[in-house]
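To start, the structure under review is shown below, and the notes come after it.
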Amino acid sequence: MKILSIESSCDETSVAVTEGRTVLSNIVATQIAEHRIYGGVVPEIASRRHTEAISRVCDEAIAEAGITYNDIEAVAVTFAPGLIGALLVGVNFAKGLAMSLGVPLIPVHHLRSHIAANYIVHPDLEPPFLCLLVSGGNTVIAEVTDYTSFNILGGTRDDAAGECFDKTARCMGLEYPGGVTLDKIATEADLKKYPLPFPKSGGGEFDFSFSGLKTAVINLIHNASQKNEAIDIPVLCATVRQRVCDMLISATLEAAEKFGYTKIAVAGGVSANSELRARLDGECKKRGYSLYYPPLKYCGDNAAMVGVQGYYELRDGNIAGCDLNATATLPINYR
Ligand code: KG4
């Protein structure tokens, strides 16, 4: 079944054509350069750019897949969570397309689709498995009990991991999106130089808290600038990265051990982080666990992952009517 899928939850306009777990085309038009001058995504600009780009990106996805619109058998779209104005552009475009083609409309949860990015490249990956979901807006440890069934074990009590990277990087004067730059320039010369906290949330066993670390970095930078002291930015980057990875890795491994999972997947933009990948790889090898993460091109927002998750949503009867609305926040295990 050929599914045309649409992603517009943040600053990437993406349209793909997929068939099961196979990607026939995946076009991504990124707005990063435009938001960079503001140091972060400006929601209204994002919506306007989606509106301008979506038709063209859709035509390109159809052309690259070597098909016509009449070959499309369903339309999948990210409807939640995300920037509301940005989501609405994709949702309305998808509704019009599904209606005009007379095919089913499939609502896809953004985090579920990040997990599905793993299905594209790991044919052996099937639920149940444990997933660490780390993106710019969300940080969650979930049991993937089936393709459309999830159990949340823990999540962030405040900022997401990506947000912590982006905001601390911005304070260090690094370019948006800061997480990417921070990871690139981090130099592990002396990780004791800056006494940043090893945060642990006081909440649930597998919950995270990143705001204390973020505040510690902001205070450290302000104090240094008041005293006219230089900061070793690459070392500070490495220290922040280590603290965030410590928290993510220890919670994931503890959850795997407690609930008996030997298959672990990582998903979301932060799954591109080099330290997170390398350290989790080592820890999983030691324990004999299988570790899955997407290749870099499927870590960030893209429509191919929406199409693959859409395939399973449709199979499980998750079809929307023309009253489908976008939702800014929605847990992954919504019903
Ligand atoms: O999943 P994503 O593309 O968008 C959301 O759905 O949120 O994630 C974007 C986030 C940003 O915070 C970005 O800084 C972070 O992923 N990110 C990274 C890396 N690559 C992207 N964070 C740390 N290290 C990276 N290599």
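First listed ligand is number 1; within each ligand, the first listed atom is number 1.
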His114 to ligand 1, any heavy atom closer than 4.0 Å = yes
ask   = What pair of heavy atoms forms the shortest contact from Leu213 to Val240, and how long is it?
value = CD2-O, 4.2 Å
request  = Starting from atom 26 (N) of ligand 1, find the nearest protein heavy-atom neighbour and note its residue, name and distance.
outcome  = Asp183 OD2, 2.9 Å
message = Name the residue from Tyr298, Tyr312, Tyr292 that meets the ring-ring contact (aromatic ring centres under 6.0 Å, His included) definition with Tyr119.
response = Tyr312
key: Any N or O of Ser274 closer than 3.5 Å to N or O of ligand 1   = no
task = Quick one: sort the His109 and Tyr334 rings into parallel, tilted or perpendicular, breaks at 30° and 60°.
result = parallel
task = Measure from atom 20 (N) of ligand 1 to every heavy atom in Thr30, Val41, Val180 and give the option owning the shortest one.
result = Val180
inquiry  = Would you say His50 and Thr13 are linked by a side-chain donor-acceptor pair, where the criterion is simply a distance under 3.5 Å?
reply    = yes
query = Would you say the side-chain atoms of Arg48 pair up with the backbone N or O of Pro43, donor to acceptor, closer than 3.5 Å?
reply = no
inquiry  = Please check whether Gly136 reaches ligand 1 - meaning an N/O of the residue sits under 3.5 Å from an N/O of the ligand, judged on distance alone.
reply    = yes
request  = Using distance alone, determine whether Phe165 and ligand 1 share an N or O pair under 3.5 Å.
outcome  = no
key: Geometric cation-pi criterion Arg36 and Tyr176, 6.0 Å radius, 45° cone   = no
ask   = At under 4.0 Å between heavy atoms, which part of Asp301 makes contact with ligand 1: side chain, backbone, both or neither?
value = both
Protein residue, atom and distance nearest to atom 15 (C) of ligand 1, heavy-atom basis = Val270 CG2, 3.9 Å
key: Check: Ile32 main-chain N/O paired with Thr30 side-chain donor or acceptor under 3.5 Å   = yes
task = Taking only Lys NZ, Arg NE, NH1 and NH2, and the carboxylate oxygens of Asp or Glu, determine whether Arg112 and Glu313 approach each other closer than 4.0 Å.
result = yes
query = Side-chain donor-acceptor pair under 3.5 Å between Gln31 and Asp11, yes or no?
reply = no
Minimum-distance protein heavy atom relative to atom 19 (C) of ligand 1 = Gly269 O, 3.9 Å
note = atom 13 (C) of ligand 1 sits nearest the protein heavy atom Asp166 OD1, 3.7 Å
key: Gly268, any N or O under 3.5 Å of ligand 1 N or O   = no
Residue-ligand contact Gly137/ligand 1, heavy atom below 4.0 Å = yes
message = Could you tell me, atom by atom, which parts of ligand 1 come under 4.0 Å of a heavy atom of Gly179?
response = 14 (O), 18 (C), 22 (N), 23 (C), 24 (N), 25 (C)
message = Check this for me - ligand 1, His110, N or O atoms closer than 3.5 angstrom, yes or no?
response = yes
message = Quick check on contacts: which atoms of ligand 1 are under 4.0 angstrom from a heavy atom of Gly162?
response = 12 (O)
task = Specify whether Phe208 and Phe210 have parallel, tilted or perpendicular ring planes, treating 30° as the upper limit for parallel and 60° as the lower limit for perpendicular.
result = parallel
task = Enumerate the atoms of ligand 1 whose separation from the nearest heavy atom of Gly300 is less than 4.0 angstrom.
result = 3 (O)
Nearest neighbour in protein (non-hydrogen) for atom 24 (N) of ligand 1 = Asn273 ND2, 2.9 Å
Check: Val89 main-chain N/O paired with Asn92 side-chain donor or acceptor under 3.5 Å = no
